[in-house]
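Remarks on the structure that follows.
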Protein chains: 2
Amino acid sequence: MTTTPRVPAEGRPAPLTGGAGSDGVLGAIREAILTGEFGPGQRLVEADLSARFGASRGSVRAALFELANEGVVERVQNRGARVRAVTLEEAIEISEVRMVVEGLCAAKAAERITDEQATELRALGSAMRAAVSAGDVMRYSELNQRLHGRIRQISGQSTAAGVLERLRAQNVRHQFRLSLIPGRPHVSLAEHLAIIDEICARAPEAAERAARRHLLSVIDALASAVH
Amino acid sequence: MTTTPRVPAEGRPAPLTGGAGSDGVLGAIREAILTGEFGPGQRLVEADLSARFGASRGSVRAALFELANEGVVERVQNRGARVRAVTLEEAIEISEVRMVVEGLCAAKAAERITDEQATELRALGSAMRAAVSAGDVMRYSELNQRLHGRIRQISGQSTAAGVLERLRAQNVRHQFRLSLIPGRPHVSLAEHLAIIDEICARAPEAAERAARRHLLSVIDALASAVH
DNA sequence: TGAGGCTAGATTGTCAACATTATTGCCGTA
DNA sequence: TACGGCAATAATGTTGACAATCTAGCCTCA
């Protein structure tokens with residue numbers, strides 16, 4: 001509390017989305033957190049946010065509640081909200097859960113994929129390969145996210161998709177850090193291509209194994225970041 | 001909308017918890033849904049609930065939002081909330097996710113379990129066996145829930161625990177129905193004992209397989225309920 | 001000088017009134 | 001009689017003000 005500054009009241013007087021609706025505020029705050037503008041541990045005072053985004057305190061309040069159960073924000077009774085600081089241990093836990101759930105999605109996707117979708121997935125794989133060759137980390141990261149999203153979609157497992165979406169939101173920071181490790185994209189790419197291959201081959205069990213192998217590699221990378 | 005009655009305004013004039021705080025209302029509404037007092041599809045009108053539980057509309061509103069992202073209640077913009085009716089297909093989806101996540105917990109538990117905890121788990125197993133022999137479905141159902149909870153706890157995987165807790169809340173109705181199927185408890189018991197054995201034997205992979213086998217059996221039972 | 005209590009400020013929690021939106025039943029018209 | 005618009009009603013969404021709660025700094029007293 002003593003070291004965490006409050007959100008600055010000035011800087012951008014007009015709201016980002018133009019409107020003052022709670023939906024706009026939700027997106028605005030979430031983006032501010034995800035882009036790192038509001039760092040981990042940052043206090044989120046309702047009145048300040050209200051002034052900054054030009055929305056009523058009620059809207060801000062509702063948004064904070066929503067973010068709280070997305071796991072992006074922590075709330076304590078009568079003590080307000082702050083940006084949740086996800087520890088490395090938690091990041092590993094999250095990745096472990098992702099490992100098994102993404103494995104399920106991969107298996108389901110392998111069972112249901114159409115030829116058309118397979119073509120699309122392979123195209124995504126090629127694009128990722130190109131991005132790694134070009135050393136374009138941002139683009140690779142974006143394609144990576146798109147691939148995982150597409151697999152979830154193809155799997156038709158909306159429950160699993162919901163769980164994963166929620167977990168992803170909590171983990172973006174660590175996720176992003178990983179991709180900055182030298183040599184990491186190269187390893188990651190191979191694993192992704194393996195997942196794509198197995199799904200397109202309509203081999204559920206192999207696809208699940210490939211997905212789990214990939215996440216296991218992510219976990220290892222995270223764990224080795226513990227000094 | 002035409003066939004779903006509103007929640008009756010009378011019946012229990014005084015609030016259940018004594019207070020009018022949002023926390024009490026949340027618990028009260030949740031319990032009313034879980035006990036089946038508010039059936040699936042039941043409309044939840046804020047003003048009515050407010051009158052019934054003696055809380056302000058704001059508190060009820062907050063509670064409904066919370067329940068909505070627990071997945072127990074459905075909300076549509078400007079059209080209010082209603083008790084979510086989980087279809088059989090969704091119940092199967094939920095069980096599939098549970099399958100892999102409980103598998104993870106079982107594996108983790110097998111890695112971390114202490115001798116003391118092993119003793120406790122085996123005792124739970126004996127109690128379940130006794131309950132099945134006695135034909136006490138309610139007690140078996142309760143022990144069942146406690147076993148799964150204890151395994152989650154031993155696993156130390158709080159992220160997975162959170163995911164499972166959330167999924168369980170959506171599925172209690174189907175879960176309960178299953179245990180009423182003749183012969184089902186007997187099958188279920190054997191699977192549970194197998195999970196306990198493998199965890200106590202500190203065999204992570206075998207424990208995961210046992211947990212998945214159990215949930216797969218649940219899924220089959222659910223699927224066969226589709227006429 | 002240190003501990004305990006106390007007051008002032010800041011922040012969240014709650015509430016009731018108002019605005020907005022969707023539904024329903026009715027009426028006029030072809 | 002069937003259809004399309006329209007007004008009345010019911011419910012939710014929003015806002016601003018008030019009450020309860022927590023934190024921090026100060027002051028007293030042993």
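A note on names: the letters A, B, ... follow the listed sequences, proteins ahead of strands, and every chain is numbered from 1. Values below: every heavy atom of this structure, side chains too, minus hydrogens, waters and symmetry copies.
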Rounded to the Å, how far apart are [X] [atom1] and [N] [atom2]?
{"X": "A/Phe65", "N": "C/dG13", "atom1": "CZ", "atom2": "C1'", "result": "9 Å"}
{"X": "A/Arg75", "N": "D/dC22", "atom1": "CZ", "atom2": "C1'", "result": "14 Å"}
{"X": "B/Leu26", "N": "C/dG13", "atom1": "CG", "atom2": "C1'", "result": "15 Å"}
{"X": "B/Phe53", "N": "C/dT14", "atom1": "CZ", "atom2": "P", "result": "17 Å"}
{"X": "B/Glu46", "N": "C/dT21", "atom1": "CD", "atom2": "C1'", "result": "13 Å"}
{"X": "A/Asn78", "N": "D/dC22", "atom1": "CG", "atom2": "C1'", "result": "7 Å"}
{"X": "A/Arg43", "N": "C/dA10", "atom1": "CZ", "atom2": "P", "result": "12 Å"}

B/Cys105 to B/Ala160 - nearest heavy-atom pair and separation = SG-CB, 3.7 Å
Which atoms form the tightest heavy-atom contact between B/Leu121 and B/Ile154, and what is the distance?
-> CD1-CD1, 3.9 Å
Note: B/Arg75-A/Glu66 ion pair, threshold 4.0 Å (strictly below) |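 No, B/Arg75 and A/Glu66 are not salt-bridged.
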Report yes if at least one side-chain N or O of [X] is closer than 4.0 Å to OP1 or OP2 of [N]; otherwise report no.
{"X": "A/Ser59", "N": "D/dT15", "result": "yes"}
{"X": "B/Arg61", "N": "D/dG13", "result": "yes"}
{"X": "A/Gln77", "N": "C/dG13", "result": "yes"}

State which of D/dT12, C/dG13, C/dT11 makes the closest approach to the side chain of A/Val45.
->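 The answer is C/dT11.
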Look at the side chain of B/Arg57 against the base of D/dG13 and say whether a donor-acceptor pair falls under 3.5 Å; ignore hydrogens and angles.
-> yes
Which residue, A/Gln117, A/Glu116, A/Arg112, forms the side-chain hydrogen bond (donor to acceptor under 3.5 Å, both in side chains) with A/Thr114?
-> A/Gln117
